[in-house]
Amino acid sequence: MSDFYAEQLIKKRTDGKDIMKKTVLIALTVISFFAAFLFPLLMLLPVIMIVVDVFLFRKLDVEYEYIYINGDLDIDKIMHKEKRKHMFSANVKDMEILAPENAFQLKDFRESKFYDYSSGNPESRNRYILVISRSGEITKVLFEPKEELIEGVYLLAPRKVIRK
């Protein structure tokens with residue numbers, strides 16, 4: 001039997017919260033320049049603010065990588081194409097259901113932890129919710145798998161996958 005492997009990279013869309021964070025950071029940097037002119041003891045403040053801006057702007061540039069290998073799904077967050085952080089792991093054995101975001105089968109899982117590892121685009125056609133049960137705790141994960149990844153899950157658990 002051969003291994004099943006699927007990999008996908010999703011760019012997170014800049015949303016209103018990200019724009020607000022960037023705006024506040026830029027405003028604070030500008031204010032720090034004016035404060036440095038008024039109070040010479042604060043000459044280092046604008047430099048510190050620019051460094052903070054650079055680091056936080058990089059942190060707001062996010063992509064999600066989905067890797068599915070033989071029943072194991074890993075989701076990593078990649079910031080500014082440089083730093084990787086592991087966000088989520090699941091196995092098909094723990095899966096309750098994989099269904100499109102608006103599927104009626106998900107109504108039974110309303111009260112649970114929710115994680116969003118999608119692009120943030122509500123108009124995207126392939127937004128799916130993965131429901132995982134571990135130690136009696138239900139977790140829902142919103143992500144945007146391509147058909148190849150859904151097919152891999154379907155091969156191992158056909159009764160748990162709802163297709164569009």
Side-chain angles (χ1 to χ4, degrees), residues 1-26 51-164:
M1 185 169 149
S2 65
D3 292 339
F4 189 90
Y5 176 80
E7 182 178 3
Q8 182 179 0
L9 199 62
I10 294 287
K11 174 89 171 131
K12 184 178 180 289
R13 189 178 77 164
T14 304
D15 58 358
K17 289 193 301 189
D18 292 342
I19 293 171
M20 181 62 83
K21 289 175 187 175
K22 290 179 180 181
T23 305
V24 169
L25 284 170
I26 292 170
V51 170
V52 168
D53 287 351
V54 168
F55 282 113
L56 292 179
F57 272 51
R58 286 181 173 190
K59 198 171 187 176
L60 293 174
D61 179 21
V62 174
E63 295 175 333
Y64 293 109
E65 181 180 48
Y66 313 139
I67 299 175
Y68 180 78
I69 302 172
N70 297 334
D72 292 318
L73 174 68
D74 291 321
I75 299 177
D76 293 342
K77 179 179 180 180
I78 302 170
M79 292 162 280
H80 196 62
K81 296 181 173 71
E82 294 174 352
K83 187 176 178 186
R84 175 183 299 268
K85 182 178 179 184
H86 182 73
M87 301 302 289
F88 180 79
S89 288
N91 191 295
V92 173
K93 295 176 205 167
D94 300 327
M95 184 176 81
E96 294 290 325
I97 190 171
L98 174 65
E101 179 181 32
N102 54 3
F104 73 91
Q105 292 91 339
L106 294 169
K107 71 178 188 297
D108 298 333
F109 303 103
R110 288 189 184 153
E111 299 297 321
S112 58
K113 286 186 181 179
F114 181 79
Y115 298 103
D116 186 354
Y117 302 123
S118 68
S119 67
N121 183 3
E123 298 165 4
S124 177
R125 294 183 191 172
N126 60 339
R127 289 167 57 109
Y128 277 76
I129 292 184
L130 173 68
V131 180
I132 298 290
S133 176
R134 291 187 195 140
S135 306
E137 185 176 307
I138 303 291
T139 303
K140 291 186 341 185
V141 176
L142 175 65
F143 69 123
E144 297 180 28
K146 52 186 178 179
E147 190 61 37
E148 179 184 4
L149 197 146
I150 296 168
E151 182 66 28
V153 176
Y154 182 80
L155 290 173
L156 290 177
R159 293 182 181 173
K160 296 180 180 182
V161 177
I162 309 298
R163 295 183 176 194
K164 290 186 178 186

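Note that this is a predicted model, so its numbers are computed, not measured. Numbering of residues begins at 1 and proceeds along the displayed sequence.
Remark: aromatic rings of Tyr64 and Phe143 are distant, center separation not under 6.0 Å.
A donor-acceptor contact shorter than 3.5 Å is absent between the side chain of Tyr68 and the backbone of Ile150. Using modelled atom types, no side-chain atom of Glu148 and backbone atom of Gln8 make a donor-acceptor pair closer than 3.5 Å. Looking only at distances, a side-chain donor or acceptor of Asn70 sits under 3.5 Å from a matching main-chain atom of Phe4.
In this view, Glu82 and Arg58 satisfy the salt bridge (Lys or Arg N to Asp or Glu O under 4.0 Å) rule, not counting sequence neighbours. The salt bridge (Lys or Arg N to Asp or Glu O under 4.0 Å) check on Asp108 picks up nothing, with sequence neighbours excluded. For Glu101, the side-chain hydrogen bond (donor to acceptor under 3.5 Å, both in side chains) criterion is met by Arg127, not counting sequence neighbours. Annotation: side-chain hydrogen bond (donor to acceptor under 3.5 Å, both in side chains) contacts of Tyr115 (sequence neighbours excluded): none. Under the rule for a ring pair (Phe, Tyr, Trp, His ring centres under 6.0 Å), Tyr154 has no partner lying at least two apart in sequence or in another chain.
When all heavy atoms of Leu156 and Pro158 are compared, the pair lying nearest together is C-CD, 3.7 Å. Here the closest non-hydrogen pair linking Ile138 and Ser112 is O-CB, 3.3 Å. Closest non-hydrogen pair, Tyr128 versus Ile162, comes out as CE2-O, 3.6 Å. Closest of all the heavy-atom pairs between Ile132 and Asn91 is CD1-O, 4.3 Å.
In this structure, CD1 in Ile75 is found 10.5 Å from CD1 in Ile10, a value given to the nearest 0.5 Å. The line from NE2 of His86 to CG of Asp76 is 6.0 Å long, rounded to the nearest 0.5 Å. Interatomic distance, Leu73 CG to Tyr66 OH, rounded to the nearest 0.5 Å: 9.0 Å. A distance of 7.5 Å separates CG in Leu25 from CG in Leu60, rounded to the nearest 0.5 Å. Separating the CD atom in Glu63 from the CE atom in Met79 is a distance of 11.5 Å, to the nearest 0.5 Å. One finds the CD1 atom of Ile97 at 5.0 Å from the CD atom of Gln105 (value rounded to the nearest 0.5 Å).
Side-chain contact check for Ile26 versus Phe57: some heavy-atom pair is nearer than 4.5 Å. Counting heavy atoms from C-beta outward, Val161 and Met95 have side chains that approach closer than 4.5 Å.
Electrostatic pairing of Glu96 and Lys140 does not count as a salt bridge here, judged by no charged N lying under 4.0 Å from a carboxylate O.
Other residues, nucleotides and ligands contribute over 12 non-hydrogen atoms within 6.0 Å of the NZ atom of Lys11.
When each of Asp61, Leu9, Val62 is paired with Ile78, the side-chain contact (heavy atoms from CB on, under 4.5 Å) condition holds for Leu9 and for no other.
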For residues 13-20, dump all side-chain donor-acceptor pairs below 3.5 Å to protein atoms at least two apart in sequence or in another chain.
{"residue": "Arg13", "atom": "NH2", "partner": "Gly120", "partner atom": "O", "Å": "3.3"}
{"residue": "Asp15", "atom": "OD1", "partner": "Asp18", "partner atom": "N", "Å": "3.1"}
{"residue": "Asp18", "atom": "OD2", "partner": "Lys12", "partner atom": "NZ", "Å": "3.4"}

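Using cut-offs of 30° and 60° for the angle between ring planes, the Tyr117 and Phe88 rings count as tilted.
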